[in-house]
Amino acid sequence: MEYVYITKDNIDHEHICCAMSGKQSLAKKEWMKKQFENGLVFYRSKERGKCFIEYIPGENAWIPIHAKGYLYIQCMWVSGAMKGHGYANDLLNTCIQDAKSKHKKGICILSSEGRKREFLADSKFLKHKGFIVSDISDCGINLMVLSLDEKAEKPKFKDCAKHPKVLDEGFVLYYTDQCPFTYYWVPRIVEVSKEHQIPLKVVHVTDLETAQNLSSPVTTYALFQDGKFLTHSILSDKKFLKLIQKK
């Protein structure tokens, strides 16, 4: 398998592997352009398909963590027919070698204990590669780390991410442009909430400082009800209604 780096110089004419393409990827690409100067690395298979890794220095990660000196993997995805060929190892090993060359303390990533959750890394694979749980949020999302300096302090969630909650009543949704799925599905959820007269406050997070102090371990998408964290999974309009009906 051959791989290619996406940079500010080629991003306009390269695809970024996500399931949502075309117009849906434009917001993601604009977000990426601003992050390249903050150390963003996006590395994907040259063959068209969903096989890529995306990471950034921990101090510039769009989540509330203390991870200075680490690399934070924002997303690593191998799907479909591309699974089972060692591509995840290729992607992760590239990140590890980059971390070593930059004299980083290690690499961290979000996952979950037990069953794999959507949009989070597979904890079984990570443990096999030497990652351990560094911190746990009240909502069951783990911060995992692969240490390259055993004497270094491990990454931790900020209190706002470790104990996610908001003061607003009703449904509140925070999201960023890190994932093309939000560009597609958030407007549809807004539309269906109006149609069914469901009170919903939507907050589009567009800057690093806000993201790093958000009351959620996941900032790409965080849905709350009456102050309580509900899910980080990017919901379709049908899944949103189904979730509401259960409450």
Side-chain angles (χ1 to χ4, degrees), residues 3-65 67 70-79 91 94-95 98 102 108-110 118-121 161 172-191 193 200-223 231-237 240:
Y3 297 90
V4 61
Y5 285 97
I6 305 299
T7 69
K8 64 179 182 179
D9 297 320
N10 65 13
I11 189 171
D12 285 330
H13 59 266
E14 292 282 357
H15 73 95
I16 54 174
C17 294
C18 295
M20 294 291 181
S21 59
K23 291 182 179 180
Q24 288 80 24
S25 71
L26 292 180
K28 166 75 173 186
K29 283 188 172 184
E30 290 303 312
W31 181 87
M32 288 174 63
K33 288 177 182 178
K34 297 174 184 177
Q35 304 314 310
F36 283 131
E37 61 189 48
N38 293 328
L40 176 70
V41 174
F42 192 101
Y43 183 71
R44 68 160 176 81
S45 61
K46 195 169 184 179
E47 178 184 342
R48 194 175 183 90
K50 294 180 280 294
C51 179
F52 69 93
I53 189 169
E54 176 183 343
Y55 58 89
I56 197 167
E59 50 268 40
N60 295 328
W62 278 51
I63 63 168
I65 56 173
Y70 286 83
L71 290 182
Y72 170 70
I73 298 176
Q74 297 178 157
C75 190
M76 184 170 67
W77 193 4
V78 178
S79 67
L91 297 173
T94 298
C95 181
D98 196 11
K102 293 173 180 175
C108 55
I109 188 172
L110 294 183
E118 288 182 302
F119 301 99
L120 294 180
V172 182
L173 172 62
Y174 293 89
Y175 77 99
T176 72
D177 291 324
Q178 287 178 263
C179 179
F181 282 100
T182 60
Y183 178 92
Y184 184 83
W185 287 117
V186 170
R188 284 157 178 78
I189 286 178
V190 171
E191 184 178 340
S193 66
L200 173 66
K201 175 182 176 181
V202 176
V203 181
H204 186 192
V205 179
T206 59
D207 66 280
L208 178 62
E209 183 179 2
T210 300
Q212 290 188 336
N213 291 282
L214 202 65
S215 296
S216 170
V218 179
T219 59
T220 306
Y221 189 99
L223 180 64
T231 185
H232 71 282
S233 295
I234 301 172
L235 302 174
S236 66
D237 46 359
F240 175 71

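Here, residue 1 is the first one in the sequence, and each next residue gets the next number.
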Check whether Ser233 reaches the backbone of Leu235 with its side chain - one donor and one acceptor, N or O, closer than 3.5 Å.
no
Do the side chains of Lys29 and Ile16 get nearer than 4.5 Å, heavy atoms only?
yes
Going by the angle between their ring planes, with limits at 30° and 60°, are Tyr3 and Tyr43 parallel, tilted or perpendicular?
parallel
Between Val202 and Val186, is there a side-chain heavy-atom distance shorter than 4.5 Å?
yes
Examine Phe181 together with Tyr221 and report whether their ring centres are nearer than 6.0 Å.
no
Is the closest side-chain heavy-atom distance between Leu40 and Gln74 below 4.5 Å?
yes
Whether Thr182 side chain and Cys179 backbone form a donor-acceptor pair below 3.5 Å:
yes
Side chains of Leu110 and Phe119: does their closest heavy-atom pair fall under 4.5 Å?
no
Any side-chain heavy-atom pair from Tyr5 and Val41 closer than 4.5 angstrom?
yes
Are Leu91 and Val78 close enough that some pair of their side-chain heavy atoms sits under 4.5 Å apart?
yes
Do Ile65 and Tyr70 have side chains that approach each other closer than 4.5 Å (heavy atoms only, starting at C-beta)?
no
Parallel, tilted or perpendicular: which one describes the rings of Phe52 and Phe42, with boundaries at 30° and 60°?
parallel
If we ignore hydrogens and angles and just use 3.5 Å, is the side chain of Thr220 paired with the main-chain N or O of Gln178 as donor and acceptor?
no
Walk me through whether Arg44 and His15 qualify under side-chain contact (heavy atoms from CB on, under 4.5 Å).
CA-CA 9 Å; Arg44 68 160 176 81; His15 73 95; 3.4 Å; yes
Are the side chains of Asp177 and His204 in touch, meaning some heavy atoms are under 4.5 Å apart?
yes
Exceeds 12 heavy-atom contacts within 6.0 angstrom, atom NZ of Lys102:
yes
Nearest atoms (heavy-atom pairs only) where Ile56 meets Asn38
CG1-O, 3.7 Å
CD1 of Ile63 to CG of Asn213, rounded to nearest 0.5 Å, is 12.5 Å
Return yes when atom NZ of Lys33 has more than 12 non-hydrogen atoms of other residues, nucleotides or ligands closer than 6.0 Å, and no otherwise.
yes
